[in-house]
Amino acid sequence: MAPTTEPSSLAELRNVTAGYRGSAILQGLSLRANAGGITGIIGPNGAGKSTLLKVLLGYLRPMSGSVWFDGSDILALPPEERISAGIAYIAQTKSYFASQTIDENLLIGAYLVRDRQLIAERREAVFRRFPILGTRRRQLAGVLSGGEARLLEIGRMLMTAPRLAVLDEPSIGLSPKMVDLVYDEVRKLSSEGVAFLIVEQNVRKLLAVADFVYALDNGRNRFEGSPAALADRDLLAELYFGRPSRHTPDATRAST
Ligand code: ADP
Ligand code: MG
């Protein structure tokens, strides 16, 4: 075979049908996250975006199809083993412990890591990256602002040294300034070799950072390609204006 310059796939969903209590939400969905890339997923509320991330992480078992990471079929692996293999996840709902200290939250994030020295090193690295967390390490996470808490979630994720970071709506609830800060970190980590798969309601922001994007609607892929190609089409308007959606303002800006 001729050598190819195609980016290599790090994680893949192949022909996945999945849902809840026997009713399919994802309908034969295929998607890949490339090594070293930032892959974006957009789509209206209820499209199945969070569902597909749960399938990738192993929190939801698909009815059919397969899930791949780094060349292996990981369908049989429980979430902890997928995380140990190099996938990290920040869920759409708050995923830190408000009544634990920042220090403790990072240790909890490292519960799958056995080497104490490694845990200590990674925690110090998180504090160097986010000094605001370091200076408040013994305070309860509950005192953090929404944006700082998102940084704590990123820090917690870094405790397992992920190769693929999976983020479900990281900008939700944050001020524009904090959204920029979070995405600056995404860019920085990406340049350090971490691949990203990001579901986002902030379409404009996602199209600005992603190098490949999927648009989901009703559990199906409506588009895959470059952000520029997506912004060129009427699809954004259709996805976000064709039905009632809270997301219309961002879609407007993305399509102009
Ligand atoms: P998105 O993240 O794109 O907004 P979701 O993947 O959360 O969409 O949800 C897709 C569909 O699946 C929605 O109709 C939602 O109501 C349904 N759904 C999500 N989670 C559950 C659940 N735990 N039990 C039953 N239905 C669910
Ligand atoms: Mg969701």
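Atoms within each ligand, like the ligands themselves, are counted from 1 in listed order. Since the structure is predicted, the reported quantities are computational estimates derived from the model, not experimental observations.
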Rounded to 10°, how many degrees is the angle OE1/Q92-the Mg ion (ligand 2)-OG/S50?
80°
Would one find an N, O or S atom of N45, in either backbone or side chain, under 2.8 Å from the Mg ion (ligand 2)?
no
Between the side chain of [X] and the main-chain N/O of [Y], is any donor-acceptor distance below 3.5 Å?
X	Y	result
R137	D103	no
T17	S64	no
S84	E80	yes

Residues with a heavy atom under 4.0 Å from ligand 1, by chain and number, are Y20, R21, I25, P44, N45, G46, A47, G48, K49, S50, T51, K54
Sorted by first residue and then second, give each ring pair (Phe, Tyr, Trp, His ring centres under 6.0 Å) pair with at least one member in residues 207-232; sequence neighbours left out.
F212-Y214
Salt bridge (charged side-chain N to carboxylate O under 4.0 Å, His left out) between E153 and R150: does it pass, once the steps are laid out?
CA-CA 5 Å; E153 290 176 319; R150 195 61 38 83; 2.9 Å; yes
Evaluate the criterion salt bridge (charged side-chain N to carboxylate O under 4.0 Å, His left out) for residue pair R187 and E192; output intermediate values, then yes/no.
CA-CA 9 Å; R187 280 205 188 86; E192 294 169 24; over 6 Å; no
Intermediate values then yes/no, salt bridge (charged side-chain N to carboxylate O under 4.0 Å, His left out), K49 and E200:
CA-CA 9 Å; K49 305 182 298 297; E200 188 54 276; over 6 Å; no
